[in-house]
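This report concerns only the one structure given below.
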Amino acid sequence: MKLKFTCVAIGLFAILSSHSQEVKSPKFGKGLFNLVGQDSSWTMKVGARMQFLAISNWEDGQQNESNFLVRRARLKFDGYAFTPKLEYKLELGLSNRDISGASPFTSNAPRYIIDAVMKWHFAPGFELWFGQAKLPGNRDRVISSGNLQQVDRSLLNSRFNIDRDLGVQLRHQFNISDSFVVKEIFSVAQGEGRNITTGNLGGHQYTGRIELLPFGNFASKGDYVGADLKREQTPKLALGISYDHNNNAVKSRSNQGSYMAIDGDTDFFETNINTLFIDAMFKYQGFSLMAEYADRDAKDPFAKNSDGTLTGDEVQVGKGLNLQTGVLCKNDWEISGRYTNIKLDKNITGKNPESQYTLGVSKYIVGHKLKVQTDISHLEIKDGNNELMWRLQFDIHF
């Protein structure tokens, strides 16, 4: 029996080896391989990416904590089906960080699906998206985790972002002049985040965004890429504003955070949550600057049982500011800096203001597809323990 399995394995290896010699794969960073239907009625690009992270934390009065982990490990599939006007994207998470969050609301199953969305270009300048994808919120969140300027996103993103959800998005863009571009997005989503299977517990989530690019489009969609790797030859600026209304939201951070259960976990507290984002991206000859502002409020931030008693949960309302800049040297080393200030409403959340200062260094070997990044951050918490954090991360994208 063992000899039989050995022969089969050798035969499969020989077949795969012979085929591998015939397949011409794309250049590094352009996917593992590209498939095209025999009649060209469909395409599929298959890709993979990994991030390996080392992190160490020092908190006043506490012992040092360190950790090594696979931060992200993902498979990506994209292309078109039937017609180039009908695109799709599927992204699957494989690392523990990617798939964590299993709960009764996800049928107690790992959250493997990151993105699963169809994109229909039904008219010039128009796109209709349907499925699970990032909502048009703050710029830092919409930038892919593989295209970040520093090891990870800012505190503003972790406190205020509206992440991914299931729904429909209508996107449109037009030119005011030869160089002035305007982009608009309107989204209707379920309002409870990704991979939810229990249906809509509260109301729906409505998000609108408008972007102004007065000097034209960035090279290679650089307005949603960290660092000016294309070294823009003329100044490029993108200004964006998003407004998100989550009607009868049941989670503490709009469609993120924890569920606000009431009456002994038999029902959920519902309140309207509104989030405003204002952001900008500027790039010119290797210099980049990104600025973001976030403001969240709620109709009633205190979760209450049906008899009016407080549950102890509250909506995380407040404001945040993030400023980030970087200079790319000729040898593709970059030095970047970031300042983030978070002011949640202490009367509601009980949390003190916090400020974080981050200095980062990146080496782009093959752009964002193969890079090494490190940064060090100092977190200051008013009337609390300050923290120092060092991180080192290696990225590889096929």
Side-chain angles (χ1 to χ4, degrees), residues 97 99-111 113 132 134-135 137-138 141 155-168 187-208 242-277 293-320 341-354 381-385:
R97 290 287 295 268
I99 66 178
S100 63
S103 71
F105 307 101
T106 64
S107 297
N108 292 311
R111 302 192 302 165
I113 299 176
Q132 179 172 288
K134 291 179 181 178
L135 297 182
N138 60 302
R141 185 66 189 91
L155 286 179
L156 181 147
N157 178 78
S158 64
R159 304 292 189 268
F160 295 96
N161 90 86
I162 53 177
D163 203 70
R164 292 172 166 90
D165 215 311
L166 297 97
V168 180
S187 168
V188 180
Q190 184 166 263
E192 293 170 39
R194 66 182 178 97
N195 294 330
I196 300 299
T197 61
T198 52
N200 188 33
L201 295 179
H204 288 94
Q205 184 172 4
Y206 306 91
T207 312
S242 297
Y243 187 77
D244 180 79
H245 173 76
N246 199 333
N247 189 57
N248 292 332
V250 295
K251 300 180 80 171
S252 60
R253 292 190 288 114
S254 187
N255 66 350
Q256 301 297 298
S258 58
Y259 282 88
M260 297 182 288
I262 62 173
D263 298 335
D265 296 341
T266 61
D267 205 348
F268 298 91
F269 177 72
E270 299 180 2
T271 186
N272 295 341
I273 300 178
N274 303 308
T275 309
L276 171 69
F277 297 108
Y293 170 80
D295 188 339
R296 172 176 292 143
D297 61 34
K299 181 179 180 181
D300 186 353
F302 295 104
K304 302 178 181 66
N305 294 304
S306 56
D307 62 2
T309 58
L310 297 177
T311 67
D313 290 328
E314 62 277 325
V315 179
Q316 299 298 295
V317 298
K319 299 176 174 62
N341 179 257
I342 305 296
K343 291 183 179 179
L344 298 179
D345 191 323
K346 187 175 181 179
N347 294 328
I348 296 174
T349 66
K351 297 180 179 179
N352 292 321
E354 52 187 352
I381 304 175
K382 185 177 181 180
D383 299 326
N385 290 343

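Numbers here simply count residues along the sequence, with the first being 1. Only this structure's heavy atoms are used, side chains among them; waters, hydrogens and symmetry mates stay out.
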Straight-line distance of [X] [atom1] to [Y] [atom2], nearest 0.5 Å:
{"X": "K346", "Y": "D383", "atom1": "NZ", "atom2": "CG", "result": "6.0 Å"}
{"X": "E354", "Y": "K382", "atom1": "CD", "atom2": "NZ", "result": "13.0 Å"}
{"X": "N248", "Y": "H204", "atom1": "CG", "atom2": "NE2", "result": "11.0 Å"}
{"X": "I113", "Y": "R164", "atom1": "CD1", "atom2": "CZ", "result": "11.5 Å"}
{"X": "Q256", "Y": "F160", "atom1": "CD", "atom2": "CZ", "result": "13.5 Å"}
{"X": "F277", "Y": "L156", "atom1": "CZ", "atom2": "CG", "result": "7.0 Å"}

Quick check against the 3.5 Å criterion: does [X] have a side-chain atom that pairs as donor or acceptor with the backbone of [Y]?
{"X": "D263", "Y": "S306", "result": "yes"}
{"X": "T197", "Y": "S107", "result": "yes"}
{"X": "D267", "Y": "I262", "result": "no"}
{"X": "S252", "Y": "S258", "result": "yes"}
{"X": "N246", "Y": "G191", "result": "yes"}
{"X": "N138", "Y": "N161", "result": "no"}

4.5 Å side-chain heavy-atom contact, [X] and [Y]:
{"X": "Y293", "Y": "K319", "value": "yes"}
{"X": "M260", "Y": "V315", "value": "yes"}
{"X": "R159", "Y": "Q316", "value": "no"}
{"X": "K351", "Y": "I342", "value": "no"}

Shortest non-hydrogen separation from [X] to [Y] and the atoms involved:
{"X": "N195", "Y": "Q132", "result": "N-OE1, 2.8 Å"}
{"X": "F268", "Y": "V250", "result": "CB-CG1, 3.9 Å"}
{"X": "F269", "Y": "F302", "result": "CZ-O, 3.2 Å"}
{"X": "N255", "Y": "I162", "result": "ND2-O, 2.7 Å"}
{"X": "A261", "Y": "T311", "result": "O-CG2, 3.9 Å"}
{"X": "A102", "Y": "A109", "result": "CB-O, 3.5 Å"}

Query - Contacts of R296 that satisfy salt bridge (Lys or Arg N to Asp or Glu O under 4.0 Å) - sequence neighbours left out - result: none
Query - salt bridge (Lys or Arg N to Asp or Glu O under 4.0 Å) partners for E270, two or more places apart - result: none
**Report entry** Selection residues 297-310 - residue pairs positive for salt bridge (Lys or Arg N to Asp or Glu O under 4.0 Å), sequence neighbours left out
**Finding:**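 Residue pairs with at least one partner in residues 297-310: D300-K304.
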**Report entry** Name of the residue among R253, K134, R141 meeting salt bridge (charged side-chain N to carboxylate O under 4.0 Å, His left out) with D163
**Finding:**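 With D163 as partner, salt bridge (charged side-chain N to carboxylate O under 4.0 Å, His left out) holds for just one option, R141.
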Query raised in the report: If you measure only the distance, is there a donor-acceptor pair under 3.5 Å linking the side chains of T275 and S254?
Result: no
